[in-house]
Amino acid sequence: MSKDHSKVAYQVMWNRLISVVEEQAQALVRTAFSTSVREAGDLSAGVYDTHGNMLAQAVTGTPGHVNAMADAVAHFIRRIGPANIFDGDVYITNDPWEGTGHLHDITMVTPSFHNGALVGFFACTAHIVDIGGRGFGADAHSVYEEGLYIPIMKFANKGTVDETLTRIIRGNVRDPDQLIGDIYALATCNEIGHRRLIDMMDEFALDDLDGIATFILDNSRRATIERIAALPQTSAEGEMTMDGFDRPITLKVKVSVEGDRIVSDFTGTSGVDKKGINCPLVYAKAYACYALKVAIAPEIPNNAASLAPFEITAPENSIVNALHPAPVALRHIVGHFVPDAVYDAFDKIVPDLVPAEGAGCLCNFQVSLRPRTDAPAPMTARRSEVLTFNSGGSGARPEHDGLNATAFPSGVMTMPIEATEHAGPVIIWRKELRPDSGGAGKTRGGLGQYMEVGAQEGHEFDIQAMFDRVDHPARGRRGGGAGASTTIARDDGAAMRGKGKQFVPHGRKVVMAFPGGAGYGDPSERAKELVIRDLARGYISAETAARDYNLSAQDIADVEAAIARGESL
């Protein structure tokens, strides 16, 4: 086939590339050791041209990873050096500023050679459960405390793995088999991507990816700029406040639509925090770009060119542009609120398009289990690190209710109880939707959830809480009501903090309620049949139906009678 391919052929190749990286991602899901990857999909995968421009990303994965990883490969090329890139190499880093934002993400890059020539790169990222240091939490005062730092370097040189590096890693983490297994899974998924790419290149008689790269990037850039040009050419400001660690954090942003670009300027945002909730710019940029792209061009595939028109600026040492050596382990807490701040501004430019605020950051917690120390422990008691991913409710949309216990903007999946309990001696006593947690509105906010966690007999544990929205619940839009706040306490009534490492003695449980999404529009405009449906499903109580939606006592009685008769509504 000639190099002058038709547009139809290039479109087929483009779709094939997306399939290639999706197979790459699924290979990682199947082979990873960490439940955060296998069950929650906390990963990303992509293919790049020889200059480090992302050509395609997998559908499976998180925008924080993939949009940050979009910038990472250029750093790898620069650090390794073009003259030092060989067939059989595999590169690795967890650099927060040149990777994806914190030490707990391992990014691996593999050059792809065809007929002896470099044709591109494959990259993938996954969150790993432990990287040493203080553990996954906000308690550190600098990045040096947060775990083992791996600079951009070769994991394998011409096919030979650096065993000295693997020994160093094993000697610095709590669960070395799991981490080394994840690293090999990352390397393997890149290899799967490479094999499928070579199959495609052979099928279409391609010597390089230059032609398809130009086609992808030019068309993506043109399509995205057309969407931007059709918007009102104006600016608006937005802001929101979140709990922070010891003090509230304010995110401020000015969104400006300027012909062929949208600029988001975070001047006025709070400064760097003493604790590990700071966010490197690469991660804040990832979520700011994502928020705008899904609002105006959701069907245009994600690549370097479709992201380029979204420009993000922030003052150095603001909490969304934290510089080294700021602690950044929980950078996702701030990063996941960036879309809500951007939407507060963008809603003033294009009304009736973006959702109300949701839970924002993931409702994650990690438990560090060990044999009890207050009394003799059984011989079967053991140490274990268990990370669980959970979600509150997403915000209501202009025409649709928010999604229950569904992560937005991160997109990761809630982990099943069975997978969590299989990972260590932890017991999830309760996990169910939280009635009345979704904000009232013409469209209702998504529900949060209840969770109770404890340990198997003979164990005590520390819990690393990573929650927000304790003091600042999701705000409604266009007259919608706020979502419910986060709560956390021990089952004996002892108060607990929304963030930080906290001890839980033998026999005690942690009782949590995760936040609901906010409502959109005036609750009086909600269709009566939807209120009745929510009441019948247990999403709202009779009190809420009457108070927020003016459902009559007779209608409530009819619904309760129908439920008693076993009828579906």
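The structure places OG1 of Thr110 at 8.5 Å from CD of Gln24, a figure rounded to the nearest 0.5 Å. Within the model, atoms CD1 of Ile262 and CZ of Arg227 stand 12.0 Å from one another, a figure rounded to the nearest 0.5 Å. With values rounded to the nearest 0.5 angstrom, Leu209 atom CG is found 9.0 Å from His114 atom NE2. A distance of 4.0 Å separates SG of Cys361 from CZ of Phe337, quoted to the nearest 0.5 Å. Rounded to the nearest 0.5 Å, atoms CD1 (Ile463) and CZ (Phe461) are 6.0 Å apart. With rounding to the nearest 0.5 angstrom, the CG atom of Leu330 is 8.0 Å from the NE2 atom of His104.
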**Request:** Decide yes or no on salt bridge (charged side-chain N to carboxylate O under 4.0 Å, His left out) for Arg221 and Asp260, but give the supporting numbers first.
**Result:** CA-CA 10 Å; Arg221 182 179 294 105; Asp260 61 351; over 6 Å; no
**Asked** Please walk me through it: do Ile228 and Ile296 pass side-chain contact (heavy atoms from CB on, under 4.5 Å)?
**Response** CA-CA 8 Å; Ile228 294 172; Ile296 68 170; 3.7 Å; yes
**Request:** Could you walk me through whether Asn67 and Asn302 pass side-chain hydrogen bond (donor to acceptor under 3.5 Å, both in side chains), step by step?
**Result:** CA-CA 8 Å; Asn67 288 359; Asn302 229 29; 2.7 Å; yes
**Request:** Evaluate side-chain hydrogen bond (donor to acceptor under 3.5 Å, both in side chains) for Thr100 paired with Thr125, printing each intermediate quantity in order.
**Result:** CA-CA 8 Å; Thr100 59; Thr125 297; 4.8 Å; no
**Asked** Step by step, would you call Met108 with Tyr91 a side-chain contact (heavy atoms from CB on, under 4.5 Å)?
**Response** CA-CA 5 Å; Met108 301 192 76; Tyr91 314 128; over 6 Å; no
**Request:** Show your reasoning for whether side-chain contact (heavy atoms from CB on, under 4.5 Å) applies to Val73 and His51.
**Result:** CA-CA 9 Å; Val73 173; His51 304 290; over 6 Å; no
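Proximity of Thr420 to Val453: side-chain heavy atoms (C-beta onward) are nowhere separated by under 4.5 Å. At least one side-chain heavy atom of Asn53 sits less than 4.5 Å from a side-chain heavy atom of Leu217. Looking only at side-chain heavy atoms (C-beta outward), Asn190 and Leu186 stay at 4.5 Å or farther from each other. Inter-residue side-chain proximity for Val342 and Pro339 is flagged as unmet; no heavy-atom pair is nearer than 4.5 Å. At least one side-chain heavy atom of Met200 sits less than 4.5 Å from a side-chain heavy atom of Leu17. With contacts defined as side-chain heavy-atom distances shorter than 4.5 Å, the pair Leu362/Met466 does not qualify. Contact annotation: the side chain of Phe365 approaches that of Met451 to within less than 4.5 Å [non-hydrogen atoms, C-beta and beyond]. Within the 4.5 Å cutoff, no side-chain heavy atoms of Phe389 are placed close to those of Met413.
Taking a cutoff of 4.0 Å between a charged side-chain nitrogen and a carboxylate oxygen, Arg195 and Glu191 qualify as a salt bridge. By the 4.0 Å N-to-carboxylate-O rule, Asp139 lies too far from Arg134 to be salt-bridged with it. Between Lys285 and Asp71 there is a salt bridge, since a side-chain N of the basic residue sits under 4.0 Å from a carboxylate O of the acidic one. The existence of a salt bridge linking Arg78 and Glu98 is confirmed by a sub-4.0 Å separation between a basic side-chain nitrogen and an acidic carboxylate oxygen. Classification of Asp105 and Arg331 as a salt-bridged pair holds, one side-chain N sitting under 4.0 Å from a carboxylate O.
Checked against a 6.0 Å centroid threshold, the rings of Tyr184 and Phe155 count as neighbours. Aromatic ring centroids of Phe467 and Phe514 lie under 6.0 Å apart. In summary, the aromatic rings of His332 and Tyr283 are positioned with their centroids too far apart to meet the 6.0 Å limit. Two rings, from His194 and Phe122, have their centers 6.0 Å or more apart. Less than 6.0 angstrom separates the ring centroid of Phe215 from the ring centroid of Tyr10.
Between Val253 and Ala341, the shortest heavy-atom contact is CG1-O, 3.4 Å. Residue Thr50 comes nearest to Ile77 through the heavy atom pair O-CD1, 3.7 Å, listed as atom of the first residue, atom of the second, then distance. The two residues Val328 and His102 have their closest heavy-atom pair at O-CB, 3.3 Å. Taking all atoms of both residues into account, the shortest heavy-atom contact from Ala455 to Leu369 is CB-CD2, 3.6 Å. For the pair Ile319 and Asn278, the tightest heavy-atom approach, listed with the atom from each and the gap, is CG1-OD1, 3.5 Å. Looking at every heavy atom in both residues, Glu22 comes nearest to Ala58 through OE1-CB, 3.5 Å.
Within a 6.0 Å sphere centred on NE2 of His400, other residues, nucleotides and ligands contribute 12 heavy atoms or fewer.
For the residue pair Glu163/Thr166, the side-chain donor-acceptor check at 3.5 Å is satisfied. Checked by atom type, the side-chain pair Gln57/Ser44 shows no donor-acceptor distance below 3.5 Å. Residues Thr62 and Ser410 have side chains that never bring a donor and an acceptor to within less than 3.5 angstrom of each other. No donor-acceptor contact under 3.5 angstrom links the side chains of Glu316 and Asn321, judged on distance only. Using a 3.5 Å distance cut-off with no hydrogens or angles, the side chains of Lys431 and Asn390 do pair a donor with an acceptor.
Trp97 contributes a side-chain N or O that, together with a main-chain N or O of Ala322, makes up a donor-acceptor pair within less than 3.5 Å. Gln449 places a side-chain N or O within donor-acceptor distance of the main-chain N or O of Ser391, the cut-off being under 3.5 Å. Of the possible donor and acceptor atoms, none in the side chain of Glu146 sits under 3.5 Å from a partner among the backbone N and O of Gly276. Judged purely by atom type and a 3.5 angstrom limit, Asp462 has no side-chain atom pairing as donor or acceptor with the backbone of Val367. Under the 3.5 Å distance criterion, the side-chain polar atoms of Arg397 are matched with a main-chain donor or acceptor of Asp401. Side chain of Asn404 to main chain of Leu447: a donor-acceptor pair is present (N/O by atom type, distance under 3.5 Å, no hydrogens or angles). Formation of a donor-acceptor pair under 3.5 Å by the Tyr343 side chain with backbone atoms of Ala291 is found in this model. Looking at Gln366, its side chain never comes within 3.5 Å of a backbone N or O of Gln464 through a donor-acceptor pair. At least one donor-acceptor pair closer than 3.5 Å links the side chain of Asp89 to the backbone N or O of Phe86. When atom types are taken as modelled, the side chain of Thr224 and the backbone of Ser220 share a donor-acceptor pair closer than 3.5 angstrom.
With Leu55 as the partner, the side chain to side chain contact (heavy atoms under 4.5 Å, CB included) test is satisfied by one option alone out of Asp49, Val21, Ile18: Asp49. With Ile150 as the fixed residue, the side chain to side chain contact (heavy atoms under 4.5 Å, CB included) test singles out one of Leu103, Ile169, Asp95: Ile169.
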Compile the donor-acceptor pairs under 3.5 Å between side chains in residues 35-43 and protein atoms, sequence neighbours left out, one pair per line.
residue : atom : partner : partner atom : Å
Ser36   : OG   : His127  : O            : 3.1
Arg38   : NH1  : Phe33   : O            : 2.4

